[in-house]
Structure formats: C-alpha cells, structure tokens
Amino acid sequence: MPAYRPEEIEKKWQAHWKAHSTFRAENHSEKPKYYVLDMFPYPSGAGLHVGHPLGYIASDIVSRFKRLQGFNVLHPMGFDSFGLPAEQYAIQTGQHPALTTEKNIETYVKQLSSLGFSYDWDREIRTSDASYYKWTQWIFLKLFNSWYNLDTNRAEPLTALTAHFAERGSEGINAAGDADERQVFTAGQWQLFTEHQKLAAVHPYRLAYQQDTYVNWCGGLGTVLSNDEVKDGLSERGGFPVERRLMPQWNLRITAYADRLLLGLDTLDWPDAVKEMQRNWIGKSIGAEVTFPVQGHENAQIKVYTTRVDTIYGATFLVLAPEHELVNVLTTPGQRVAVDEYIAATKRRSERDRMADVKAVSGAFTGAYALNPVNNEPVQIWLADYVLAGYGTGAVMAVPSGDQRDWLFATHFGLPIPAISDAQKDIDQQADPTKEGRYINSGIINGLTYKEATAKVIAFLEEKGLGKGKVNFRLRDAIFGRQRYWGEPIPIYYKDGTAYGIAESDLPLVLPEIDEYKPTETGEPPLGRAQNWLYKDKYPYELSTMPGWAGSSWYYLRYMDPTNEAHFVSEEAEQYWGKVDLYMGGAEHATGHLLYSRFWYLFLKDLGLVSSNEPFQKLINQGMILGRSNFVYRLNGIWAPYTPSDKTVEAEPPVYISMALLNRINAKTASARDHAILKERLNEIAEVWNALNMPAAELAAIDKPDFLHVTALHVDVSIVDNDVLDTEAFKKWRPDYANANFILEEDGSYVCGWEVEKMSKAKFNVVNPDVLIGKYGADALRLYEMFLGPLEQYKPWNTNGISGVGSFLKKFWRLFHPEDGDFAVTDEQPTPAELKALHKAIQKAQEDIEKFSFNTSVSLFMITVNELTALKSHKRAILEPLVLLLSPFAPHLAEELWEELGHEAGSISTARYPEFREEYLVEDTVTYPIAITGKVREQMQFAAAAPGSEIDTAVLASDFLARFGEGKSAKKVIVVPGRMVNVVV
RNA sequence: GCCCGGAUGGCGGAACCGGUAGACGCGUUGGUCUCAAACACCAAUACCGCAAGGUGUGCCGGUUCGACUCCGGCUCCGGGUACCA
C-alpha cells in the first residue's frame with residue numbers, strides 16, 4: 001500500500017473491533033481488574049464538538065495502556081438520557097422525547113466510534129430505559145423504607161424502627177433528621193395507632209420523605225424553578241413572576257451522611273480543589289444552640305445558633321428570618337403593619353436575589369423582647385432577610401461589635417454596639433471579631449480568655465437548660481422531585497392521602513404516554529395528563545419525577561452487570577469490579593453528581609449491597625477546551641489625524657479590512673507601502689463611500705490615515721485557515737456579506753483577528769471533530785488533543801497545529817514503508833543509538849501515562865521518530881516495541897502496522913507493554929560551571945590556571961564535590977575564564 | 001471578602017531532586033524538489049546589537065558557587081464560593 005491513508009485504516013479497524021467485540025470485558029478473569037470510567041454524556045441534539053472527547057481520549061489511552069500492562073479493563077460508555085432539552089423540544093413540537101433521545105444517541109455512538117474508543121459497547125446503558133430505571137426506582141424504595149440510626153451510625157430498614165416502636169415506643173430512638181418533626185409516643189399508644197397513624201409517625205424518619213419545603217414557584221410555567229432559573233423575581237424563561245412558596249416536596253436525607261461524606265474525602269485520590277469544594281459545600285461548623293425566652297410569652301422561646309457563644313454578652317438584639325414560625329405570635333399590634341409589609345416584600349424576592357444585594361440593609365422590628373439567658377437583659381427581636389430560614393435555627397443572636405452584618409444592621413437602625421473584649425478596636429467604624437484579649441462588660445466571663453469563656457458559657461447554659469454545644473452543617477437535604485415529564489416516575493402511590501411505596505415486584509413503574517408535555521391547566525405536573533394511571537387500578541401515583549441526578553448516581557454500578565434482571569448488580573460482579581479505579585470528567589460536577597453518588601454509595605453500603613467505602617478512587621478533571629473565535633473588521637470611519645469625537649457610520653456596501661494592516665495603521669507602525677495599498681484600494685471602492693460621509697474627493701485628500709474605526713464581527717472559523725479568511729467563502733456564507741469589499745494585505749490575503757471564548761454556535765467557533773477526522777484521521781485528532789497542553793488545564797482550541805501530528809504519523813508510517821513504498825522492515829541487529837532511543841521512549845512513555853502527562857508523551861514520540869528517521873532505522877527489533885508504545889494513542893495505525901509485522905489481526909490488544917532495559921541508556925555527561933570563591937578558592941589554589949586546562953579531579957575538596965549532588969563524582973574539571981571551573985559529572 | 005490554580009519566545013507549551021531556559025509542535029524566513037502548486041525534505045528562528053557583547057521565565061527583595069524551580073513581600077489573570085450566624 002503506498003502512502004499513509006488514515007481513513008481506510010481507521011474504517012477497517014473500527015469494523016474489526018466491532019465485529020470481534022475486541023474490548024469486551026469479562027466478569028471473571030485471572031488478570032487483575034482495572035475500571036476506567038468516563039462521566040457519561042447527556043446526548044444533546046448538537047452532537048459532539050472538538051472539546052467533548054478530550055477526557056474520553058485520555059481515559060481511552062489509560063484503558064489501552066492498562067490492557068498492555070496485563071489488566072482486565074472495564075471501560076464502558078452509556079447515556080444520561082433523561083433531561084430537559086428533549087422535553088422542551090417535545091413541548092414545542094409534540095415529538096416524544098424518547099424519539100429525539102434515540103436519534104441523538106445514534107449520532108453520539110457514531111461520533112464516539114469514529115474516534116476509535118475501546119469501549120465495551122455490550123455494556124451500554126441508558127438511564128431512560130425502563131430496564132435501567134427499574135433499579136433507580138428500586139434504590140429510591142430502599143431509601144423510602146430506611147431510616148438513619150445515629151447509634152449504629154448507619155441506615156437501617158424501617159422494620160427495625162417499627163419493632164422498636166412496638167416494644168418501647170419512640171423513646172430511645174436516636175435518628176438523623178429534625179426531632180421537632182416527630183411525634184412522641186409510648187409502645188401502648190403505637191399498638192393503638194391505625195395503619196394511617198403509624199405511617200404518619202414513621203414518615204419523618206424515612207431517608208426519602210415528603211415535606212413542605214420552600215421553593216421558587218412559578219405559577220406562569222406551572223413548575224418549581226431552581227435558583228439559576230430565576231432572575232430579578234421573574235422566571236428566566238417567559239418572564240413570569242416567581243415567589244417563595246411552601247410546597248410538599250420529596251427530599252433525600254443526605255444530611256444524615258454529612259459527617260461520613262466529609263471524612264471519606266481524606267481517603268480519596270482526587271484533585272484538592274474538588275475535595276475542598278465538597279468540604280465547603282458540606283460546611284461543617286462547630287458552635288452552640290442557645291435558647292432565648294421571650295418576655296411576656298411564657299411558652300415561646302427562640303433558639304439561635306452561634307459559633308461564638310463567648311460573645312453572648314454583646315448580643316443586644318435577636319434577628320429572625322422572615323419565615324420564622326414565631327413571627328406571627330410575637331409581633332405586637334403596633335408593629336403589625338410594618339412586619340407584614342416586610343414579609344410580603346421578602347416573599348417577592350428569590351433566595352438568589354436576597355444573596356445578590358448583600359449591601360442593602362433591611363429589616364423590621366417585631367415590637368417584642370427576648371431575655372438574654374446569661375444576664376436576663378431584654379433584647380429587641382427583629383426580622384431581617386439576611387437571616388436564612390434554612391440554616392441553623394433560622395434565628396441569630398446579633399453581636400454588633402463582633403459581626404460585620406450585625407454591626408451594619410445595628411448602625412442602620414440605631415441599636416447599641418457595646419464592646420465585649422479589651423482587644424476590640426475601632427468598633428465605631430466596623431465590627432472586630434477578634435478572639436484575642438480578655439472579656440469586658442461580660443458578667444461571669446469578665447477577664448477570661450476565648451477558650452475559657454467559651455467553655456464557661458456553655459457549661460452555664462447547659463446547667464440552666466438553655467443551651468448546648470452543637471455541630472451544624474450547611475448541607476441541606478436534597479430536593480428530589482421535579483414537575484416534569486421526561487424523568488423516572490417516583491414509585492409512590494397514595495391511599496387516603498398517605499404515601500405508599502409500590503411493591504418491588506411491580507417495578508418498573510413505566511413512564512406513561514401522554515398527549516402533551518406541558519403542565520396541566522390546574523397546575524399539576526405533566527404526568528397529571530396520563531389517563532387511568534393508577535396503582536392496582538385504584539390508587540393515584542405520585543405525579544412528580546426524579547431529578548436529572550437520580551440515574552447518574554449509580555450508573556457505574558450497573559455497568560458491572562448491565563443486563564441482570566434479578567438484581568441491580570450481582571454480588572459476584574460487584575465484588576469483582578469493586579470501585580472505579582479512574583474516573584474522568586469535568587470539574588462542574590464537583591458538588592452535584594460526585595456528592596450524590598457518594599451519598600448513594602454509602603447508603604447501599606449500609607444495606608450491605610456494595611463492598612467498598614467509596615465509589616471513585618481516583619478522579620481526574622479534564623480541563624475545558626475553549627473556542628478560538630475569528631473576527632473580520634468592518635470599516636466605519638477614517639481619520640487623519642484622529643479626532644475621537646467624530647461620528648462613525650457603517651459603510652454600505654460594507655468594506656472589511658485585514659487585521660494585520662488595520663493594526664499597523666492604528667498603532668502608527670504602518671509602512672509607506674501599507675499606506676499606498678490602503679489608498680489605492682480606497683480609491684477603487686470610493687464610489688461606495690457616500691454613506692460613510694466620506695465623499696471620494698475628501699477621501700482622496702487623506703494622504704496617511706492614522707486611525708481606522710471598525711466593528712469586529714465573528715466569522716465562521718470553518719472558512720478561516722491559519723487566521724486567513726477565504727474571502728469567496730465569506731461572500732457566500734451569509735446573504736448580507738455577498739457584496740463585501742476587502743482591503744487586503746500586500747500578498748492578497750485577509751488576516752482575521754482572534755479571541756478565546758467558550759465554544760458556541762453563536763460565536764461561530766465550534767469545531768466539529770468529524771471534519772478533522774475526515775481530513776487528518778482519528779489518530780491525528782486523538783494525538784493532537786493530547787498534545788494541546790496539560791490535560792487538566794483550560795485551553796483554547798487551535799486547529800492550526802494539527803498538521804504537525806499529521807506529519808508525525810506519516811513519518812512513523814515511513815519508518816515501516818521507506819519512501820512511501822512497500823512494507824520493508826528488516827531483521828537486522830539494532831545499534832546502540834537505536835536501542836537508546838527506544839528504551840528512553842519505553843521508560844518515559846510509561847512515566848508520562850502514569851502521571852497523565854499526555855502532552856509530553858506525544859512530544860516524546862515525535863522526538864523518538866525524528867531520531868529513528870535520522871538513523872534510517874527500519875528494524876523490527878526497534879519498530880515492533882514502538883508500535884506497542886504508540887498503540888494507546890494512535891490505535892488504528894498501530895493495529896495496521898502490527899498486522900503488517902506479521903501478527904494476527906487484532907492481537908495487539910492482548911500484547912504486553914515492552915520491557916524497559918536500563919543498560920541501553922548510556923548516560924550523558926553533564927557539565928556544571930562552578931564559581932570559585934572564598935574558602936574553596938584558597939583550597940583549590942588553581943584558579944589562576946590557564947583557561948581550558950584540565951585539572952586532576954583528586955585535587956577537589958570533598959565538601960566541594962558534595963555541593964553538586966550526593967554520590968556524584970567529577971570526571972573532569974576544566975578551568976574556564978572568570979574564576980570558574982566546569983565540572984563534568 | 002474567602003478558598004484554590006496560574007503567569008516562560010510571535011503562539012500552544014517543555015525543563016528530573018536547584019545544575020547549559022525555551023524540548024516538541026505551530027507560525028515565520030531562506031533553500032532543495034517541481035513547468036507550477038501541494039506534499040516532502042534541509043537550515044535558521046527568545047530579545048537588543050553589524051559585531052564583540054549584553055539582557056532575559058509577571059514585579060521587588062532574599063538564600064545559594066548556581067534559582068523558572070526554594071523563602072519573604074506584591075501585581076495581574078483564571079476558576080470556585082459566600083449575608084452560613
């Protein structure tokens with residue numbers, strides 16, 4: 001075969017791999033296992049752009065490398081196929097989301113296959129298949145039927161709880177969650193409960209539970225919106241008003257696992273940034289809960305949470321969240337109007353808005369007073385939206401001298417700001433939260449240090465029953481329901497208003513067909529449109545569906561045993577594959593998917609269904625590939641000299657000036673030739689300049705313009721090559737460019753400007769991998785994406801460089817086919833130089849892959865091939881191992897050459913990585929120039945020797961030699977001018 | 001504000017444990033081949049300077065015979081996050 005033809009080779013081997021299921025992973029093997037997982041994609045209609053495969057290429061290299069090292073590798077792919085875009089498309093067109101999704105997946109599979117990934121496609125899963133979501137529902141039911149026992153620190157079946165109730169009532173149960181939500185009863189009372197009452201008593205213990213939760217409700221759209229979807233109190237889509245509303249919602253009790261999720265992070269081999277994000281997200285804080293009695297309300301108490309209980313003597317007022325349950329009771333008639341107004345104003349703002357304008361101080365006085373438990377001083381009770389209902393107790397004790405927000409509030413409303421520590425400074429200017437110094441104005445802790453005071457206050461409060469130390473988490477339970485169609489139905493039905501889980505044997509609860517995908521007129525979710533959708537033909541189902549992260553929280557387990565109909569994963573398969581050894585994906589999932597998956601894993605572990613402590617041992621975040629946009633510059637005005645006040649007009653027909661020329665003129669570095677070109681061209685097109693307030697005569701009078709005003713416009717990167725615009729293609733690109741005029745460079749080219757931006761259709765900077773594969777081949781694209789820069793770094797795409805790896809592959813090919821001729825590899829003995837080049841590569845390639853430093857490994861291959869080309873090396877002993885080294889990166893070419901080398905087709909996937917032999921690396925000598933100064937100079941006494949002369953190494957003092965490396969010895973010492981010697985080591 | 005990263009030629013980026021900064025690729029320039037183009041190949045390419053030489057890894061300072069690398073103090077850029085009491 002003459003010349004390297006990637007398209008033929010790639011088609012051939014992709015077909016071979018598919019026909020032979022070459023990358024099928026077996027669940028039983030003598031080999032050690034290795035599980036390489038990619039975050040599975042949502043199959044969007046736009047298909048893949050050149051940024052998407054970056055992580056897939058890297059993980060594929062690792063998979064293929066691990067196979068060469070003798071591992072049984074599991075490398076699966078699937079689709080997160082429930083999601084909003086398909087549903088929105090369905091609302092607009094009536095097309096069933098399943099059809100859209102199916103079509104998109106087809107495109108994805110085709111594109112992924114064309115990159116030559118070594119996925120085991122037999123294990124492909126889709127979260128929207130009933131055979132998959134059956135098990136997502138099954139896990140939900142397990143959560144629904146479990147509670148979290150804090151005594152054993154794990155989730156347990158509800159049967160254990162009800163057994164306890166029957167024997168001893170609610171006493172002695174120590175369960176995760178809010179105790180206030182739960183009833184207190186005796187065993188006798190429990191026995192007398194009706195079924196309905198029993199379920200009501202059990203419900204608040206469940207790990208999947210329904211509860212009234214504040215949500216962003218948009219009546220106009222008939223759905224709950226996430227904080228991202230609300231802007232200025234209006235829905236982002238449609239602009240309908242959004243309000244905070246208490247609605248029943250399904251929640252998962254992730255908070256029960258807060259501590260374990262936090263501790264587990266220390267055992268993981270993850271990027272520090274991701275671990276830190278999860279830590280902040282969980283947000284553990286250690287403090288105290290303090291109870292303030294309310295003056296004149298015998299039964300009312302306000303609980304506050306504080307991390308600075310030592311500052312309690314400085315607490316001159318309390319602030320409640322506007323949603324606080326006691327607000328109504330406490331408000332005095334005189335303050336009623338002000339309070340109601342304030343609450344109404346707060347309701348109109350979404351949580352995000354409240355957080356957005358942090359500077360505006362607002363609040364309302366309830367008229368009521370609480371008593372500071374340490375000194376019985378009356379303190380005013382206020383409302384303010386800077387206190388969040390969802391964190392701590394929804395109430396804070398305000399210490400204006402120590403907390404900046406409290407200080408601002410006190411200053412704004414004229415409340416007192418007493419100092420509490422002798423170390424506080426300038427508290428009339430701002431709060432000072434110091435922990436230094438001794439307490440003042442602080443009753444029983446006057447004169448104490450921070451540590452002593454904290455202990456003493458807590459002891460005092462505990463004794464009086466008005467406070468106790470408490471750990472708090474920022475993490476909140478996860479809202480689990482969505483008022484949408486295209487998701488997993490929640491397997492719950494209602495009997496007399498009570499929620500029941502459907503029987504496991506009735507799973508899956510299949511998503512019913514409906515004729516429209518909008519919410520119903522009465523505001524029910526789309527599932528409310530389903531006809532006769534009843535459990536046992538009697539009981540209505542839950543109408544909300546699961547959120548996007550449900551199916552993705554356990555998919556990696558299903559890959560181990562994807563077609564099992566009896567179990568979500570068989571015990572043997574789970575025990576064999578264990579956890580994911582390498583997980584590759586984007587950093588944007590740091591606090592969503594990665595946290596929920598860990599939560600579900602811990603839960604399954606508590607139930608004895610999985611065997612490790614964490615699901616993902618090592619995590620790599622591939623950096624995003626950004627787009628490189630190109631611009632053309634439309635001329636709007638010409639000045640000589642430039643007067644900024646002049647108006648500009650878009651010339652019609654339009655004139656576009658080349659960026660390089662434009663920049664030279666505006667930077668005043670233009671040559672006489674530049675000006676001549678400009679002038680000549682302007683004269684040619686002068687007749688079209690009338691619209692520019694630039695009559696031809698006036699134009700002709702301008703000799704040397706020194707400023708050109710332009711508008712930069714995005715231009716499709718596919719009609720730009722190396723920043724040079726294809727002007728004919730530009731005219732055809734869009735109708736309004738058909739009559740474009742150009743001012744070109746001297747060589748006749750139009751040079752575009754460029755900028756790095758996110759890839760998006762609107763910026764015309766999306767690069768399609770299919771086009772590049774067609775031109776250079778998948779192997780070249782794979783190599784180039786790796787060559788672009790460090791894997792984890794954000795980097796701009798630039799198609800310009802891909803020709804370099806293209807020619808590298810050609811050179812590699814030519815080592816086997818000299819002069820583009822027939823295959824001609826010899827059995828000659830290799831020379832030391834060839835062996836050295838090879839073994840350097842064997843060693844470094846392995847190191848680089850293990851460090852995920854793929855950009856340097858590609859460089860290494862280029863260097864090696866350059867060396868071998870220079871040596872005219874066409875020897876089997878060198879080239880055969882080299883093919884193996886290259887096979888993870890450029891698998892198609894490697895397979896082809898492997899076959900030409902006389903091996904059975906496809907057998908490279910069972911070959912072994914070549915062994916590194918150190919003896920072939922002849923060490924290079926290194927020369928260190930060493931300055932001769934001070935003591936050394938005296939000792940050596942030869943600084944004055946003639947430059948270039950050699951000195952006996954034995955003369956060197958041992959302490960001098962020690963400076964440039966333990967165990968190294970000088971081979972030669974050469975005197976160079978300037979009190980220096982070169983020491984050759 | 002807080003928490004992470006980062007800063008090296010015209011561009012993307014190399015540089016082991018402190019030891020010749022700029023590997024490799026792109027681009028650019030010159031050349032070979034060709035009727036010509038494309039491909040390919042060869043050579044040059046940090047900056048200033050005709051040269052000798054000098055200057056250079058964001059800035060200021062320190063340690064060291066020697067610093068992109070270590071230490072102290074900044075500047076700028078990117079990402080994450082926040083009335084969390």
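As the structure is a prediction and not an experimental result, all values here were calculated from the model. Below, chains carry the letters A, B, ... as their sequence lines are ordered, and counting in each starts from 1.
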| field | A85(B) phosphate, OP1 or OP2, under 4.0 Å from Tyr391(A) side-chain N/O | value | yes
| Can you check whether Asn800(A) has a side-chain N or O nearer than 4.0 Å to OP1 or OP2 of C11(B)? | no
| said: Using atom C1' in both nucleotides, what's the gap between G5(B) and G53(B) to the nearest angstrom? | reply: 40 Å
| field | Touch class at under 4.0 angstrom, heavy-atom based, for Lys811(A) against every strand present | value | sugar-phosphate
| request: Check whether any side-chain N or O of Gln793(A) sits under 4.0 Å from OP1 or OP2 of G78(B), and answer yes or no. | output: no
| Got a donor-acceptor contact below 3.5 angstrom from the Asp477(A) side chain to the Ile254(A) backbone? | yes
| request: Inspect the contact between Asp272(A) and Arg279(A) and indicate whether a charged nitrogen and a carboxylate oxygen are less than 4.0 angstrom apart. | output: no
| task | For C83(B) versus G78(B), give the span between their C1' atoms, rounded off to a whole number of Å. | result | 26 Å
| message | Taking U8(B) as the reference, what is the distance to G72(B) when you measure between their C1' atoms (whole Å, please)? | response | 22 Å
| P atom, G6(B) versus G66(B): distance in rounded Å? | 27 Å
| Which value, in whole Å, describes the distance between the C1' atoms of nucleotides G73(B) and C47(B)? | 29 Å
| remark: Rounded to whole Å, the CG-C1' distance (Asn280(A) to G1(B)) equals 14 Å
| remark: Looking only at G80(B), C84(B), A85(B), the nucleotide nearest the Met277(A) side chain is G80(B)
| field | Minimum-distance nucleotide (side-chain atoms of Glu276(A) versus C3(B), A14(B), A85(B)) | value | C3(B)
| field | Near-ring test Phe317(A)/Phe409(A), centroid separation under 6.0 angstrom | value | yes
| Within a radius of less than 6.0 Å around NZ of Lys840(A), do more than 12 heavy atoms belonging to other residues, nucleotides or ligands occur? | yes
| How would you label the contact of Asn472(A) with the nucleic acid (heavy atoms, under 4.0 Å): base, sugar-phosphate, or nothing? | nothing
| said: Nearest heavy atom decides the nucleotide; on that basis, is Arg474(A) or Pro796(A) closer to the 5' end of RNA chain B? | reply: Pro796(A)
| Phe787(A) side-chain proximity, nearest of A85(B), G25(B), G13(B) | G25(B)
| message | Base, sugar-phosphate or nothing for Pro790(A)? Non-hydrogen atoms, less than 4.0 Å. | response | sugar-phosphate
| said: For C84(B) and Arg405(A) - does any side-chain N or O of the residue sit under 4.0 Å from the phosphate oxygens OP1/OP2? | reply: yes
| message | Check this for me, if you would: do Asp403(A) and Arg308(A) make a salt bridge, where the nitrogen-to-carboxylate-oxygen distance has to be below 4.0 angstrom? | response | no
| message | Please classify the nucleic acid contact of Asp406(A) as base, sugar-phosphate, or nothing, using heavy-atom distances under 4.0 Å. | response | nothing
| said: Just N and O in the side chain of Lys810(A): are any of them under 4.0 Å from OP1 or OP2 of C39(B)? | reply: no
| task | Using Watson-Crick or G-U wobble pairs with both distances under 3.5 Å, give me RNA chain B in dot-bracket, 5' to 3', with [ ] for crossers and | for pairs to another strand. | result | (((((((..(((......[....)))((((((.......))))))(((....)))..(((((..]....))))))))))))....
| task | Using only heavy-atom distances, determine whether the side chains of Ser362(A) and Tyr386(A) contain a donor-acceptor pair under 3.5 Å. | result | no
| request: Please tell me which of the listed nucleotides, C41(B), C24(B), A85(B), lies nearest to the side chain of Asn866(A)? | output: C24(B)
| remark: Taking for Gly394(A) and for Trp281(A) the nucleotide of RNA chain B with the nearest heavy atom, the one nearer the 5' end belongs to Trp281(A)
| Base orientation of G9(B), syn vs anti, 90° cut from 0 | syn
| Ser803(A) has a side chain; which of G27(B), C24(B), C83(B) sits nearest to it? | G27(B)
| said: Is the phosphate of G25(B) approached by Asn798(A) (side-chain N or O, under 4.0 Å from OP1 or OP2)? | reply: no
| message | Suppose you measure atom P in C74(B) against the same atom in G54(B); what distance do you get, rounded to whole Å? | response | 35 Å
| said: Need the glycosidic conformation of C24(B): syn if within 90° of 0, anti if not. Which one? | reply: anti
| request: Using whole Å, report how far CG of Leu788(A) lies from P of C11(B). | output: 16 Å
| request: Indicate, with a heavy-atom threshold strictly under 4.0 Å, whether Ser807(A) touches base, sugar-phosphate, or nothing. | output: sugar-phosphate
| Between C39(B) and A46(B) - P atom distance, rounded Å | 25 Å
| task | Using whole Å, report how far CG of Asp310(A) lies from P of A85(B). | result | 14 Å
| query | Which of these, Phe889(A), Phe808(A), Tyr776(A), Trp797(A), sits in a ring-ring contact (aromatic ring centres under 6.0 Å, His included) with Tyr784(A)? | reply | Trp797(A)
| Expressed in angstrom and rounded to an integer, what is the separation of Leu860(A) atom CG from A15(B) atom P? | 12 Å
| field | Polar side-chain atom of Ser658(A) near backbone of Val751(A) as donor-acceptor pair, under 3.5 Å | value | yes
| To the nearest Å, how far apart are Phe317(A) CZ and A85(B) C1'? | 12 Å
| field | Minimum-distance nucleotide to Thr856(A) side chain [options: A14(B), C26(B), A40(B)] | value | A14(B)
| request: Grab the CG-P distance between Asn855(A) and G22(B) for me, whole Å please. | output: 18 Å
| request: Could you work out the separation of G56(B) and C48(B) based on their P atoms and round it to a whole Å? | output: 15 Å
| field | Length of the line joining Tyr794(A):OH and C77(B):C1', which is rounded to integer Å | value | 15 Å
| request: Search all heavy atoms of Met397(A) against all heavy atoms of Val309(A) and return the closest pair with its distance. | output: CE-CA, 4.4 Å
| What integer distance in Å separates Leu626(A):CG from C11(B):P? | 18 Å
| task | Please say whether more than 12 non-hydrogen atoms of neighbouring residues, nucleotides or ligands are located less than 6.0 Å from CD in Glu847(A). | result | yes
